[in-house]
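The next block holds one structure in the form of structure tokens; read it before the comments.
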Amino acid sequence: MDQLIVYGSQYGTTQRYAERFSELTRLPCIRSEAVKDLSCYDRVIHFGGLYAGGVKGLRRTLRALGEHTGLVIVTVGLADVTDEENLANIRNALKRQVPGHLLEKTQVFHLRGGIDYRKLSLKHKAMMTLLYHSVKNQPEEQKTAETRAMIETFNKAVDFVDFSALEPIAGAVR
């Protein structure tokens, strides 16, 4: 089976996961910006960072897929991926980004990434600061798990990368 890893990464966490997955599986790995035509592949494994409700690079990957190319999506985000509320939010975002007929036959996995505020672009830093100030004083019962994670990590460098979480994904694509 001819397979390819594609990744969309803004600050490097998703790239780290994708490159490690490439080492584990011996599959080639490319940035989503390099994607042209993926119809020659039997399966594409797309690793994408979660940004503002979307999966980075996924739109380009979806446009390049062949009619019979299988898809695996691996999301990488800051929020705890063992929290059902977070997973529901990610699934809803995927429903907006991936056509239903394709999503129902796509395997989806979720990994926890990290953030380093020192590395954020001015635009992203401003967005995160505005978001932080808009939610920090909300009553606790109104805060989502995602919001609480953002408040706890605001203006810090945190890294939740766990390469052992790649094993079930590797098993699924073997």
Self-check item: Intermediate values then yes/no, side-chain contact (heavy atoms from CB on, under 4.5 Å), Leu94 and Thr106
Solution: CA-CA 11 Å; Leu94 284 172; Thr106 297; over 6 Å; no
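- In plain terms, the two heavy atoms of Leu62 and Pro99 that are nearest each other are CD1-CD, 4.4 Å.
- Both Tyr51 and Phe160 sit in one connected hydrophobic cluster of ILVMFWY residues. Membership requires side-chain heavy atoms under 4.5 Å apart, directly or through other members.
- In this structure, CZ in Phe47 is found 12.0 Å from CD1 in Ile73, a value given to the nearest 0.5 Å.
- Between atom OH of residue Tyr41 and atom OG1 of residue Thr69 there is a gap of 10.0 Å, rounded to the nearest 0.5 Å.
- For Val44 against Val6, the heavy-atom pair with the smallest separation is CG1-CG2, 3.8 Å.
- Taking a 6.0 Å sphere around NZ of Lys95, one finds it holds 12 or fewer heavy atoms contributed by other residues, nucleotides or ligands.
- How far CZ of Phe21 is from CG of Leu27: 6.5 Å, rounded to the nearest 0.5 Å.
- Looking at heavy atoms from C-beta onward, Val55 lies out of side-chain contact with Thr61 at the 4.5 angstrom threshold.
- The shortest side-chain heavy-atom distance between Leu120 and Ile115 falls under the 4.5 Å cut-off.
- Minimum heavy-atom separation, Val35 to Ala64: CG1-CB, 3.4 Å.
- A donor-acceptor pair is defined here as one N or O able to donate and one able to accept, closer than 3.5 Å; such a pair exists between the side chain of Asp42 and the backbone of Asp2.
- Residues forming a side chain to side chain contact (heavy atoms under 4.5 Å, CB included) with Phe163 (at least two apart in sequence, or on another chain): Arg16, Tyr17, Arg20, Val161, Leu166.
- Just one of Ile90, Leu87, Val81 meets the side-chain contact (heavy atoms from CB on, under 4.5 Å) condition when paired with Thr75; it is Ile90.
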Self-check item: Trace of the side-chain contact (heavy atoms from CB on, under 4.5 Å) decision for Phe154 with Thr129
Solution: CA-CA 8 Å; Phe154 181 72; Thr129 300; 3.8 Å; yes
Quiz prompt | Derivation of the side-chain contact (heavy atoms from CB on, under 4.5 Å) call for Glu167 and Leu24 | solution = CA-CA 9 Å; Glu167 288 299 331; Leu24 280 172; 3.7 Å; yes
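- The salt bridge (charged side-chain N to carboxylate O under 4.0 Å, His left out) pairs that include a residue from residues 103-119 are Asp116-Arg118, where partners are two or more places apart or lie in different chains.
- For CG of Leu122, the number of neighbouring non-hydrogen atoms (other residues, nucleotides, ligands) closer than 6.0 Å is 12 at most.
- For the pair Gln10 (side chain) and Gly49 (backbone), a donor-acceptor distance under 3.5 Å is absent.
- Listed for the Asp159 side chain is no donor-acceptor partner under 3.5 Å among the backbone atoms of Gly114.
- For the residue pair Ser164 and Asp162, the shortest heavy atom distance occurs at OG-OD1, 2.5 Å.
- For residues 70-88, the salt bridge (charged side-chain N to carboxylate O under 4.0 Å, His left out) pairs, not counting sequence neighbours, are Glu84-Arg91.
- The cluster map of Ile, Leu, Val, Met, Phe, Trp and Tyr, joined by side-chain heavy atoms under 4.5 Å apart, puts Val72 and Leu111 in the same cluster.
- Summarising the geometry of Gly8 relative to Ser32, their closest heavy-atom pair is CA-OG, 3.7 Å, with the distance given to 0.1 Å.
- Under the ring pair (Phe, Tyr, Trp, His ring centres under 6.0 Å) criterion, no residue pair touches residues 77-116, with sequence neighbours excluded.
- Taking CG of Leu58 as the reference point, atom CG of Leu50 lies at 10.5 Å (rounded to 0.5 Å).
- Residues Ile45 and Val98 are members of separate hydrophobic clusters, defined by side-chain heavy-atom contacts under 4.5 angstrom among Ile, Leu, Val, Met, Phe, Trp and Tyr.
- Nearest approach of Arg59 to Gln97, heavy atoms of both residues: N-NE2, 4.1 Å.
- The closest side-chain heavy-atom distance from Ile5 to Thr25 is below 4.5 Å.
- Here the side chain of Ser9 pairs a donor or acceptor atom with the backbone of Gly12 at under 3.5 angstrom.
- The CG atom of Asp37 sits 13.0 Å away from the CZ atom of Arg63 when rounded to the nearest 0.5 Å.
- The shortest distance between side-chain heavy atoms of Leu103 and Val108 falls below 4.5 Å.
- Scanning for side-chain hydrogen bond (donor to acceptor under 3.5 Å, both in side chains) contacts around Thr14 gives an empty result, with sequence neighbours left out.
- Heavy atoms of other residues, nucleotides or ligands lying less than 6.0 angstrom from CD of Glu67 number 12 at most.
- Within the 4.5 Å cutoff, no side-chain heavy atoms of Met150 are placed close to those of Glu146.
- Residues Leu78 and Leu131 are members of one and the same hydrophobic cluster, defined by side-chain heavy-atom contacts under 4.5 angstrom among Ile, Leu, Val, Met, Phe, Trp and Tyr.
- Within the 4.5 Å cutoff, the side chain of Thr13 has no heavy atoms near those of the Tyr11 side chain.
- Note that NE2 of His46 and OH of Tyr7 are 11.5 Å apart. Values are rounded to the nearest 0.5 Å.
- Under the side-chain hydrogen bond (donor to acceptor under 3.5 Å, both in side chains) criterion, Asn137 pairs with no residue, sequence neighbours left out.
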